Amino acid sequence: MQSLVAFLKGLGAARLMAMVAVTTALIGFFAFVIMRVTTPQMTTLFTDLSFEDSSSIIKDLERQAIPFELRNEGAVIMVPKDKVTRLRMKLAESNLPKGGGVGYEIFDKSDALGTTSFVQNINHLRALEGELARTIRAIDRIQAARVHLVLPERPLFAREAPEPSASIVVRVRGSLEPQQIRAIRHVVASAVNGLKPQRVSIVDEAGRLLADGASKDPEIAVGDERRTAFEKRMRNEVEAIVSSVVGQGRARVQLTADFDYNKVTQTSDKFDPEGRVLRSTQTREESSLTAENNGQVTVNNELPGNQANTTPAARDQSKKSEETNNYEISRTTKTEVTEAGRVNRISVAVLVDGAYTKNEKGEMVYQDRSKEQLDRIATLVRSAIGFDQKRGDQVEVVNLRFAEAPSVPPVVEPGGLLGMLQFTKDDVMYVIELGVMMLLGLVVLFLVIRPLVKRILAAEVVPALSQPTPALIEGSGPNGELGPNQALIAGTSGTAQLIDVAQVQGQVHAQAVHRVGELAERNPNETASIVRQWLSEPAES
């Protein structure tokens with residue numbers, strides 16, 4: 001310890017402070033690098049959280065001692081990447097996040113014995129609204145939703161019950177498509193008993209009316225959507241098949257469809273007089289016989305035992321026959337119902353660019369496409385749209401040069417080491433950050449620390465050499481005159497500088513010898529051992 005203290009005293013206050021500063025800077029720098037490297041990579045746990053859900057999730061994370069970060073005023077929570085999946089399953093077990101609304105969990109901790117029917121009905125309405133809001137938020141582009149339901153009670157002695165209605169306020173990212181608005185209306189209508197989609201109103205955060213709850217005929221609004229969807233689908237199909245022939249981005253397709261939205265019901269009866277079928281036959285025959293006694297009535301004829309008149313009487317006989325045949329005539333009854341949305345006519349216009357080839361100078365030269373090739377493209381388009389000449393369909397394929405030749409960037413697939421390891425963007429950025437940290441550490445080590453260490457370990461600088469030494473200037477003779485050496489130094493500046501350098505070196509060696517002597521006096525045993533070791537070593541040749 002005495003030698004260490006003596007060594008520290010020999011360094012001096014300036015060099016000691018420099019060593020302390022360098023050591024502190026090294027410890028701080030490497031501590032920062034180690035903490036930055038060992039810090040886990042954070043990723044998103046949940047986004048678009050309400051304050052209630054964010055507070056509940058933070059309490060759960062603090063209870064589990066899991067590090068986290070809050071962003072976007074608490075709406076986004078970041079956690080270590082390797083714990084995201086487990087945390088989501090754990091929070092789902094605790095029914096988090098709840099979505100910022102009250103759902104059917106309102107009945108989990110309620111006291112049914114002390115609750116009135118009015119409170120139960122209010123809780124049921126709140127739960128239904130909360131569950132519908134959660135379902136709507138699951139749709140793409142919807143950031144938040146709020147649902148209001150009106151479920152009127154049926155009054156007593158009333159023949160007709162009032163219809164329920166609903167109003168929805170949504171906050172969206174961008175804009176909703178018509179089919180998404182229609183889907184929201186049908187989802188809400190299907191979840192509420194007796195609610196019709198036409199009775200659902202939807203408003204966005206800017207106050208724009210997306211769906212009117214007063215619409216009576218949904219077919220009116222659906223017609224244009226069906227036509228737009230049909231035109232888009234057919235246009236994409238035609239453009240895809242044409243682009244595969246002329247090249248990506250070298251074809252433009254416009255398609256127009258004429259729809260008939262009238263609903264037609266037609267009933268017709270057809271009779272076939274030749275197709276008779278015997279349905280029933282009825283035959284009737286009658287016969288009668290009468291005898292004539294001339295109409296004489298006497299006492300003799302009425303007495304009993306009277307002998308009958310043996311005179312033959314005249315007789316009247318009649319016969320009647322009747323036959324009835326019933327026939328059925330063949331009849332065909334046909335009822336046709338034509339739904340709305342029939343395609344009356346399709347018109348397609350296709351514009352294709354020409355071909356580009358390189359000439360001898362390597363320049364791109366435009367060349368028109370041949371008529372045969374255009375006819376083949378037109379044939380493909382007719383087959384794609386289901387061309388019907390009787391319907392009046394039209395297909396036009398025209399070849400014109402585009403104002404600017406489209407450039408298709410090549411699709412670069414990840415290959416090599418990046419493709420084998422399947423690095424993500426986050427992994428690449430993490431590796432780049434580590435490389436920058438290592439490079440910065442090397443720069444600090446070689447450009448800052450290394451010069452400071454050299455300066456600390458180097459000998460102290462002797463005072464300036466430009467001033468001459470008094471012992472050399474003063475005369476050494478009895479009368480104070482200059483000696484030959486002093487005259488030489490005064491006369492020749494180059495020789496004086498060499499002598500000064502030699503003197504400085506001698507002082508340095510003298511200081512070193514003095515320090516060695518002090519160490520030998522303080523540690524005589526160690527000094528004797530070192531000298532014996534030197535004596536025992538063989539002399540160098």
Side-chain angles (χ1 to χ4, degrees), residues 139-142 170 172-187 189 197-198 200 202 204 208-212 215-266 336-354 369 371 373-406 408:
I139 300 177
D140 189 19
R141 298 183 184 178
I142 294 182
V170 295
V172 298
R173 305 182 188 92
S175 60
L176 293 178
E177 297 181 358
Q179 57 266 25
Q180 290 179 317
I181 298 174
R182 191 167 63 253
I184 294 174
R185 301 181 73 178
H186 281 274
V187 165
Q198 297 81 15
V200 179
I202 302 177
D204 64 357
R208 293 188 296 268
L209 184 63
L210 303 180
D212 187 3
S215 179
K216 298 299 183 181
D217 189 5
E219 296 296 334
I220 298 176
V222 174
D224 293 337
E225 298 177 5
R226 291 179 59 185
R227 179 177 59 82
T228 303
F230 176 81
E231 291 179 350
K232 182 179 180 181
R233 179 175 60 85
M234 297 299 294
R235 182 168 55 251
N236 293 337
E237 293 178 357
V238 172
E239 189 169 358
I241 194 172
V242 176
S243 297
S244 63
V245 177
V246 301
Q248 189 68 25
R250 296 186 179 181
R252 299 291 183 269
V253 179
Q254 292 295 332
L255 187 143
T256 303
D258 183 14
F259 272 68
D260 185 6
Y261 299 110
N262 296 325
K263 185 176 181 180
V264 179
T265 302
Q266 183 179 0
E336 294 182 356
V337 178
T338 304
E339 296 292 339
R342 298 188 310 274
V343 179
N344 291 335
R345 184 169 173 268
I346 299 178
S347 300
V348 184
V350 181
L351 176 63
V352 295
D353 195 6
R369 298 187 182 273
K371 187 177 183 304
Q373 189 174 9
L374 296 178
D375 293 340
R376 292 180 180 179
I377 294 175
T379 303
L380 292 176
V381 174
R382 291 190 184 96
S383 301
I385 66 173
F387 182 82
D388 188 0
Q389 188 174 2
K390 296 181 180 179
R391 193 171 54 187
D393 296 347
Q394 290 184 354
V395 174
E396 293 291 339
V397 179
V398 180
N399 176 214
L400 291 175
R401 183 175 182 177
F402 286 6
E404 182 179 357
V408 181

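Hydrogens, waters and symmetry mates are skipped; everything else that's a heavy atom, side chains included, is used. When a residue number appears, it is its place in the shown sequence, counting from 1. What you are looking at is a predicted structure, and each value in this text was computed from that prediction instead of being measured.
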Under the side chain to side chain contact (heavy atoms under 4.5 Å, CB included) rule, what do E336 and T265 come out as? Steps first, then yes or no, please. CA-CA 6 Å; E336 294 182 356; T265 302; over 6 Å; no
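Note: R185 CZ to Q198 CD = 6.5 Å, rounded to the nearest 0.5 Å. Between the CG atom in L176 and the CG atom in D140 there is a gap of 9.0 Å [rounded to 0.5 Å]. Taking OG of S347 as the start and CG of D258 as the end, the distance is 8.5 Å to the nearest 0.5 Å. The line from CD1 of I181 to CG of L210 is 4.5 Å long, rounded to the nearest 0.5 Å.
Considering all non-hydrogen atoms of both residues, A189 and P197 come closest at CB-N, 3.6 Å. Contact record, M234 with L255: CB-CD1, 3.6 Å, taken as the closest heavy-atom pair.
The side chain to side chain donor-acceptor pair (under 3.5 Å) test applied to N344 returns no partner, not counting sequence neighbours. In this structure, the side chain to side chain contact (heavy atoms under 4.5 Å, CB included) partners of Q389, at least two apart in sequence or on a different chain, are F387. Not a single side chain to side chain donor-acceptor pair (under 3.5 Å) links Q266 to another residue, sequence neighbours left out. Considering only residues two or more places apart in sequence or on other chains, Q373 meets the side chain to side chain donor-acceptor pair (under 3.5 Å) condition with none of them.
Pairs passing the salt bridge (Lys or Arg N to Asp or Glu O under 4.0 Å) check and including a residue from residues 236-246, sequence neighbours excluded, read R233-E237.
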Listed pairs under 3.5 Å, donor-acceptor, residues 393-400 side chains, sequence neighbours left out:
from, atom 1, to, atom 2, distance (Å)
D393, OD1, I346, N, 3.0
D393, OD1, R391, NE, 3.2
D393, OD2, D388, N, 3.0
D393, OD2, R391, NE, 3.2
D393, OD2, R391, NH2, 2.6
Q394, OE1, R345, NH2, 3.4
N399, OD1, R369, N, 2.9
N399, ND2, V352, O, 3.0

